[in-house]
Visitor: 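Handing you a structure now.
Keep in mind that what you see is a predicted model, and the values were worked out from it rather than measured.
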Amino acid sequence: MLDRLDPLDKLIKQLQRVPFLATKNLYRVTSYFLSLDEKKTEAFCATLLRAKQLLARCTTCNCWQEKNQSCLFCSSKKRQQELVCIVETWHDVLAIERTRGYDGVYHVLGGSLSPLDGIGPEELAIDALLDRVVNKGVKELILATNQTPEGEATSAYIAQKLANQKVVISCLARGLPVGSSIEQMDRITVFKALSERRPF
């Protein structure tokens, strides 16, 4: 009967389009939004719209930045611009930043290679990374992809593409459990893995 309520049906269908929102949580999220008063709903929508309008990807590192402003990482004089940490997502950047033990810059790939899901090198920011290494004076790359089959394949692909370049390639120490996601690790584990990195 409830599926005949057109506004409710349309809201649920919109939420079903949100990746990573598990079906078991779909109705809870729907209830949350429907229970918000009108002012809070308007504030949420305004915040989302404002973020969409004001944020853009940095053309160098592919991380979020405010439009018409310099990237927090790429423009910082306190960071080693020749040391680049390669991560899959911007969530991984947050996890590494929480350690307060890394002073280089980043390169966000936007995911990992996954042929079964139709994600090849063209869907990731790999070409931009290769160009950065060749033309921007990068001395060391830290491969900080997740220790999953897809993450390992992505790291191996990047290392193979850069085999003839004069750049040191290292990867995180195996302090991170295999199959884990960086964003879910505690800051001490991430810090140790980063500081104890080894040649790839």
Visitor: For side-chain contact (heavy atoms from CB on, under 4.5 Å), just list the numbers for L143 and L172, CA-CA rounded to whole Å, side-chain angles, deciding distance to a tenth of an Å, and then say yes or no.
Guide: CA-CA 7 Å; L143 295 168; L172 298 183; over 6 Å; no
Visitor: Is the shortest heavy-atom distance from the side chain of V93 to the side chain of V108 under 4.5 Å?
Guide: yes
Visitor: Minimum heavy-atom separation for D92 and E183, please, with both atom names.
Guide: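 Scanning both residues, the minimum pair turns out to be OD1-N, 3.6 Å.
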Visitor: Do Y32 and L5 sit in one hydrophobic cluster, given that two such residues count as connected whenever their side-chain heavy atoms are within less than 4.5 Å of each other, even indirectly?
Guide: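 Yes: a chain of side-chain contacts under 4.5 Å links Y32 to L5.
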Visitor: For S155 and E152, indicate whether the former's side chain and the latter's backbone hold a donor-acceptor pair under 3.5 Å.
Guide: no
Visitor: Please determine whether side-chain contact (heavy atoms from CB on, under 4.5 Å) holds for the pair L72 and Q65, giving the CA-CA distance in whole Å, both sets of side-chain angles, and the decisive distance to 0.1 Å.
Guide: CA-CA 7 Å; L72 295 171; Q65 68 174 62; over 6 Å; no
Visitor: Does L15 belong to the same Ile/Leu/Val/Met/Phe/Trp/Tyr cluster as L8, with side-chain heavy atoms less than 4.5 Å apart forming each link?
Guide: yes
Visitor: If only atom types and distance count, is the side chain of K67 paired as donor or acceptor with the main-chain N or O of Q53 below 3.5 Å?
Guide: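 A pair under 3.5 Å: yes.
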Visitor: In Å and rounded to the nearest 0.5 Å, what is the CG to CG distance from N135 to L130?
Guide: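 N135 atom CG to L130 atom CG measures 10.5 Å (nearest 0.5 Å).
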Visitor: Are there more than 12 heavy atoms of other residues, nucleotides or ligands under 6.0 Å from atom CG of D186?
Guide: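 Check passes, neighbour count above 12.
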Visitor: Backbone N or O of T148 within a donor-acceptor pair of the N146 side chain at under 3.5 Å?
Guide: no
Visitor: Taking all atoms of both residues into account, what is the closest heavy-atom pair of Q81 and S76, and its distance?
Guide: NE2-O, 3.0 Å
Visitor: Working to the nearest 0.5 Å, report the span between CD of E88 and CG of L124.
Guide: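 If I round to the nearest 0.5 Å, the distance is 8.5 Å.
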Visitor: Would you give the length of the straight line joining atom CG of D6 to atom CG of L11, rounded to the nearest 0.5 angstrom?
Guide: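 It comes to 11.0 Å.
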Visitor: Quick one: pull up CG in D127 and CD in E122 and give me the separation to the nearest 0.5 Å.
Guide: 7.5 Å
Visitor: Check whether any side-chain N or O of N25 sits under 3.5 Å from a backbone N or O of R28 as a donor-acceptor pair, and report yes or no.
Guide: no
Visitor: What is the distance from atom OG1 of T154 to atom CD1 of I126, rounded to the nearest 0.5 Å?
Guide: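 These two atoms lie 6.5 Å from each other.
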Visitor: With a 3.5 Å distance limit and no angle check, can you tell me whether R57 reaches the backbone of N62 through a side-chain donor-acceptor pair?
Guide: yes
Visitor: Is there a side-chain contact between L83 and I142, using heavy atoms and a 4.5 Å cut-off?
Guide: yes
Visitor: Report yes if some heavy atom in the side chain of D9 is under 4.5 Å from a heavy atom in the side chain of Q14; otherwise report no.
Guide: no
Visitor: Please tell me whether W64 and I86 are part of a single hydrophobic cluster in this structure, the criterion being side-chain heavy atoms less than 4.5 Å apart.
Guide: no
Visitor: Are the side chains of Y102 and C85 in touch, meaning some heavy atoms are under 4.5 Å apart?
Guide: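 They are in side-chain contact.
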Visitor: Do any N or O atoms from the side chain of T99 and from the backbone of F191 form a donor-acceptor pair under 3.5 angstrom?
Guide: no
Visitor: So, do E140 and S170 sit near enough that their side-chain heavy atoms are less than 4.5 Å apart?
Guide: yes
Visitor: Tell me whether F33 shares a hydrophobic cluster with V18, the cluster being built from Ile, Leu, Val, Met, Phe, Trp, Tyr side chains joined at under 4.5 Å.
Guide: yes
Visitor: Does atom CG (N68) have a neighbourhood of more than 12 heavy atoms from anything else shown, all under 6.0 Å?
Guide: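 Open.
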Visitor: Does the R79 side chain pair with the main chain of F73, one donor and one acceptor, at a distance under 3.5 Å?
Guide: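 Not at all, since once roles are kept as given, no pair shorter than 3.5 Å links the two residues.
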Visitor: If you look at every heavy atom in Y106 and V84, which pair is closest and at what distance?
Guide: C-CG1, 3.9 Å
Visitor: Does any part of the side chain of L194, heavy atoms only, come nearer than 4.5 Å to the side chain of I96, both counted from C-beta?
Guide: yes
Visitor: Honestly curious: do L109 and L94 fall in one hydrophobic cluster under the side-chain, below-4.5 Å linking rule?
Guide: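 Unlinked, L109 and L94 end up in two clusters.
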Visitor: Can Q165 and V134 be said to form a side-chain contact (heavy atoms from CB on, under 4.5 Å), step by step?
Guide: CA-CA 8 Å; Q165 297 297 321; V134 172; 3.9 Å; yes
Visitor: Is there side-chain contact between R132 and C61, with heavy atoms separated by less than 4.5 Å?
Guide: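 Yes; the side chains approach each other to less than 4.5 Å.
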Visitor: Contact between V138 and L129 at the side-chain level, heavy atoms closer than 4.5 Å - yes or no?
Guide: no
Visitor: Within the distance-only criterion (no hydrogens, no angle test), does the side chain of H91 pair as donor or acceptor with the backbone N or O of Q184 below 3.5 angstrom?
Guide: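 No; zero donor-acceptor contacts below 3.5 Å.
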Visitor: Compare every heavy atom of A153 with every heavy atom of L113, then report the nearest pair and how far apart it is.
Guide: CD1-O, 4.0 Å
Visitor: Would you sort out whether I12 and Y27 count as a side-chain contact (heavy atoms from CB on, under 4.5 Å), showing the intermediate values?
Guide: CA-CA 8 Å; I12 290 172; Y27 300 108; 3.9 Å; yes
Visitor: What distance separates T23 OG1 from Q16 CD, expressed to the nearest 0.5 Å?
Guide: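 One gets 7.5 Å once the value is rounded to the nearest 0.5 Å.
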Visitor: If every non-hydrogen atom of K139 is compared with every non-hydrogen atom of V167, which pair is closest and at what distance?
Guide: O-CG2, 3.4 Å
Visitor: Specify the closest pair of heavy atoms between I119 and E123, including all atoms of both residues, with the distance to one decimal.
Guide: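 Nearest heavy atoms, I119 then E123: C-OE1, 3.8 Å.
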